[in-house]
Structure formats: structure tokens, C-alpha cells
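Below: the structure, in C-alpha cells.
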Number of protein chains: 2
Amino acid sequence: MPRGNGRGPVWWHGHFRGCGYRITSGREAILGVLTGADKHLSAEDIFLKVHRLNPAIGLTTVYRTLEILVSLGLVSKFDFGDGRARYELAQKSDFSSQHHHHLICTKCNRVIDYTEFVDDEKEFLRRAEKGLSAKYKFDIKDHLIQFYGLCDKCRNKK
Amino acid sequence: MPRGNGRGPVWWHGHFRGCGYRITSGREAILGVLTGADKHLSAEDIFLKVHRLNPAIGLTTVYRTLEILVSLGLVSKFDFGDGRARYELAQKSDFSSQHHHHLICTKCNRVIDYTEFVDDEKEFLRRAEKGLSAKYKFDIKDHLIQFYGLCDKCRNKK
DNA sequence: CTCCTTATTGGTAATGGTTTCCATTATCAA
DNA sequence: TTGATAATGGAAACCATTACCAATAAGGAG
């Protein structure tokens, strides 16, 4: 069973080994932060948290490790339009994280995850992808759906 | 009837005046380029075209004017994830442009507009927005839907 | 365990799109 | 025509991200 509590091999070691990547203390720390995070973090957020655990780890390493993790599909990268990317574990431990999208407050930049309406969405996406693939000979690999507006706090402010 | 052929007032003059903005030759040129464009242009694209009409107009003015146009809702700003924003007239002359979304090729960055499936989409969005607004007390103002994949040219390359 | 190849590292400099600054110029209401 | 002030352009600043490079460390071979 995968563990993340220090010494022994953890769930992601296999993914790294299998691709020829080495296990380093920097990568351990970064994965540790991502595993413990409950929301999308920017590279700098991650750097600051990692820095508290191990001040020797540099921002460059954070970016490089995140790039690897995204390419391995272990981490998802999001763009909320505020000029900095956010990162989030794509799977936690054994469990695949649920597919979800985001509500983005255009005033305070708060981001709310939602997993509702996935059935509606699945059906819509299935039809759209099928139709668009055929019409434009486009091989659709992924999609992005985001809603923008005002969160409950901001909508009540003048 | 709105015109865009040089001397007299054109369709957007009223929008500018109404907000206290002045009509300048730079803004005329930029709006002219946008009106004549048939696809999303980057700020630099617009600058280069404007520069051919009037070399005195600087890149800064292009950015500033685009910011105003977006804030007035006359121009839409898109982020296709390649690090530069794209701009497109939100309405052409009297006609509202059709609501559309984008297929983005992750290999060559080509962008295909599509207006298909808007009925499906409208229905899906209507339900999603209604449900999400209620559940999260989120006042949804806008949405973003994009599909990523390989265009017909790139999918056939190794 | 030790050695050796080479992936990885951190700090710094560079990148590139976008913004800010500021002195100069142009718009347009009076 | 004039004056208040919005708009301008060019250069510098900004800022997240990337490239570079000499120093370090992971981990397989022996």
C-alpha cells in the first residue's frame, strides 16, 4: 500500500524509476507538499512550503519537478488567467481524483472546484467531441471548461 | 448607419464618447485593423498592421487601447495558453458576432473557431449555471470552453 | 562499500509579453 | 483660440518562467 510518511518507497517512486528519473530529496519534498495540499498551488506557493522543510531547494527545481510531474500525468496544471499557473495532484494515493472544473471569481481570484453536473457535462462533451472531430478532422485530447463571475463574498460588496 | 470608411463618425465613436474617451488617430487605426481582421490577433499582430498604416503609433498604445476596448465589451480577449493574448472584435458593425468557441491544436497552435453545437451547449450551460449559482451562491457572468488536440495536419505527422 | 557516469541541483542571468513612468503632444469643450 | 487634461511613445520596470553552467549527488557496476 502506498505510503507517504518518510522512509520507504512511496506511490510515485515507481513512476519516476520507470522513466529513468532519480529519487531526490527535493522531489520528495515537492511531492510531499503536493500530497498534503488541499488546493491548487502556484509554483511559488510550493516553493515557499518546500523551503520551510528544506531551505536548500531552489525555485528552479520546483519548476523542473513540476514539469516532469505534469508530463507523467501525476500533476495537473491549471491556468486561471491571473498570470501564474496552478498545480494540483492528479491522483491522491490509490484514488483517482474526481474530474472537476472551476468557478473563478473575477474580483478576488478565489477558485471553487465543483464536480456537479458531470453527467450532463459528459453527455454534452461526448456529443460535441464526436461532432467536432468529424467536421474538423480534429483529434480532441482534452477540454477546458471554466465559469467566471462573482463569489458569494464579492457579489455582496459594493 | 455605422460606417468605417474614414472621415465621419463610426459605430464605436458613441461608445468612446459616452465613457469620456477621446477619439484619436491611433484608436481609429487600431479599430480599423480589428474591423478588417478575420481572426484573433495578438497585440503584436495588431501593432504590426497598425504600424504599416501609421508608423507613429506605439505598441504601448495598442495595449492601452485594447484594454479599453475589452473593458467596454467591444473586443474579446482570449488566452490560448501560448503566452500571448489574442483579441477579436466582439461585434462587427450592427451585427453581433456569433458566440463561438475554439479548437486548439497543441502541436502547431492553430485555432479553429466553431459555432456548432451551440444549442446543445446552451442547454448544458443553462443547467450548469443555474445549478452552480444556486449551490455555490456564485454569480456566473461568463464561461470558457476550449478543446485541445491535434488538427488534421498534425495528426497525420509522426 | 567504493567508484564513476551522468542526472540533478541552485543561483544567476536571460526571456518575452505586458505595464508603468514621465515628459511631450493632441483632443475638444468653453 | 485657448486651456485643462487625456493620450501618447519610448524606455525602463515587471514578473512568471526558462536557460545556462559549474558544482553536487543518485545509484548501478564492480
Side-chain angles (χ1 to χ4, degrees), chain A residues 7-10 12-31 40-72 75 77-87 109, chain B residues 7-10 12-31 40-72 75 77-87 109:
Chain A
R7 228 55 47 74
V10 284
W12 52 271
H13 283 189
H15 289 271
F16 264 60
R17 285 271 160 59
C19 297
Y21 294 118
R22 292 177 180 174
I23 310 300
T24 69
S25 60
R27 290 171 178 176
E28 301 261 21
I30 293 166
L31 263 297
H40 353 265
L41 300 176
S42 68
E44 193 183 356
D45 291 335
I46 295 167
F47 169 69
L48 291 174
K49 284 175 185 288
V50 164
H51 194 262
R52 241 173 287 154
L53 298 175
N54 183 349
I57 296 165
L59 180 57
T60 305
T61 295
V62 172
Y63 274 107
R64 273 186 300 230
T65 302
L66 288 171
E67 187 183 4
I68 292 170
L69 291 170
V70 169
S71 76
L72 292 179
V75 162
K77 183 178 181 178
F78 296 101
D79 175 7
F80 296 144
D82 64 345
R84 62 184 58 191
R86 307 304 163 102
Y87 302 86
N109 287 321
Chain B
R7 225 57 46 75
V10 285
W12 52 272
H13 282 189
H15 289 271
F16 264 61
R17 285 271 160 57
C19 296
Y21 294 119
R22 294 176 179 175
I23 311 299
T24 69
S25 60
R27 290 172 178 176
E28 300 262 20
I30 292 166
L31 264 297
H40 356 262
L41 300 175
S42 68
E44 193 183 355
D45 291 335
I46 295 167
F47 169 69
L48 290 174
K49 285 175 185 288
V50 165
H51 194 262
R52 242 173 287 156
L53 299 174
N54 183 348
I57 296 166
L59 180 57
T60 304
T61 295
V62 172
Y63 275 107
R64 273 185 299 230
T65 301
L66 288 171
E67 187 183 4
I68 292 171
L69 291 170
V70 169
S71 77
L72 293 179
V75 162
K77 182 177 181 179
F78 295 102
D79 175 5
F80 296 145
D82 65 346
R84 61 182 58 189
R86 307 303 163 101
Y87 301 86
N109 285 324

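Listed nucleotides: dT19(C), dT8(C), dT8(D). Nearest to the side chain of T65(B): dT8(D). The side chain of T24(B) lies closest to dA7(D), out of dA7(D), dT17(D), dT18(C). Which of dA7(D), dT17(D), dT5(C) sits closest to the side chain of R22(A) comes down to dT5(C). When the nucleotides dT8(C), dA7(D), dC21(C) are ranked by their closest atom to the side chain of T60(B), dC21(C) comes out on top. For R84(B), the listed nucleotide lying nearest its side chain is dT18(C); candidates were dT8(C), dC28(C), dT18(C). When the nucleotides dT18(C), dT17(D), dG27(D) are ranked by their closest atom to the side chain of R17(A), dG27(D) comes out on top.
Between E67(A) atom CD and dT18(D) atom C1' the separation is 9 Å, expressed in whole Å. Atoms CG (D45(B)) and P (dT18(C)) sit 11 Å apart, rounded to a whole Å. Nucleotide dG17(C) holds its P atom 16 Å from the CZ atom of F80(B), rounded to whole Å. Rounded to an integer number of Å, the gap from D82(A) CG to dG17(C) P is 19 Å. Distance R27(B) CZ to dT27(C) P: 11 Å, rounded to the nearest Å. If you measure from atom OH of Y87(A) to atom P of dT17(D), you get 5 Å, rounded to the nearest angstrom. Rounded to an integer number of Å, the gap from CG of L59(A) to P of dC15(D) is 15 Å. For the pair N54(B) CG and dA26(C) C1', the interatomic distance rounds to 13 Å; values are reported in whole Å.
Relative orientation of the F80(A) and F78(A) rings is parallel, given thresholds of 30° and 60° on the angle between their planes.
Judged by closest nucleotide on DNA chain D, E44(A) is the one of R64(A) and E44(A) placed further toward the 5' end.
Summarising the geometry of R27(A) relative to F16(A), their closest heavy-atom pair is CD-CE2, 3.5 Å, with the distance given to 0.1 Å.
Between R17(B) and I23(B), the closest side-chain pair of non-hydrogen atoms falls below 4.5 Å.
For dT18(C), one of the phosphate oxygens OP1 or OP2 lies less than 4.0 angstrom from a side-chain nitrogen or oxygen of Y63(B).
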Tell me, with the steps shown, if H51(A) and L59(A) meet side-chain contact (heavy atoms from CB on, under 4.5 Å).
CA-CA 9 Å; H51(A) 194 262; L59(A) 180 57; over 6 Å; no
Does the side-chain contact (heavy atoms from CB on, under 4.5 Å) test come out yes or no for L69(B) and Y21(B), once each step is laid out?
CA-CA 11 Å; L69(B) 291 170; Y21(B) 294 119; over 6 Å; no
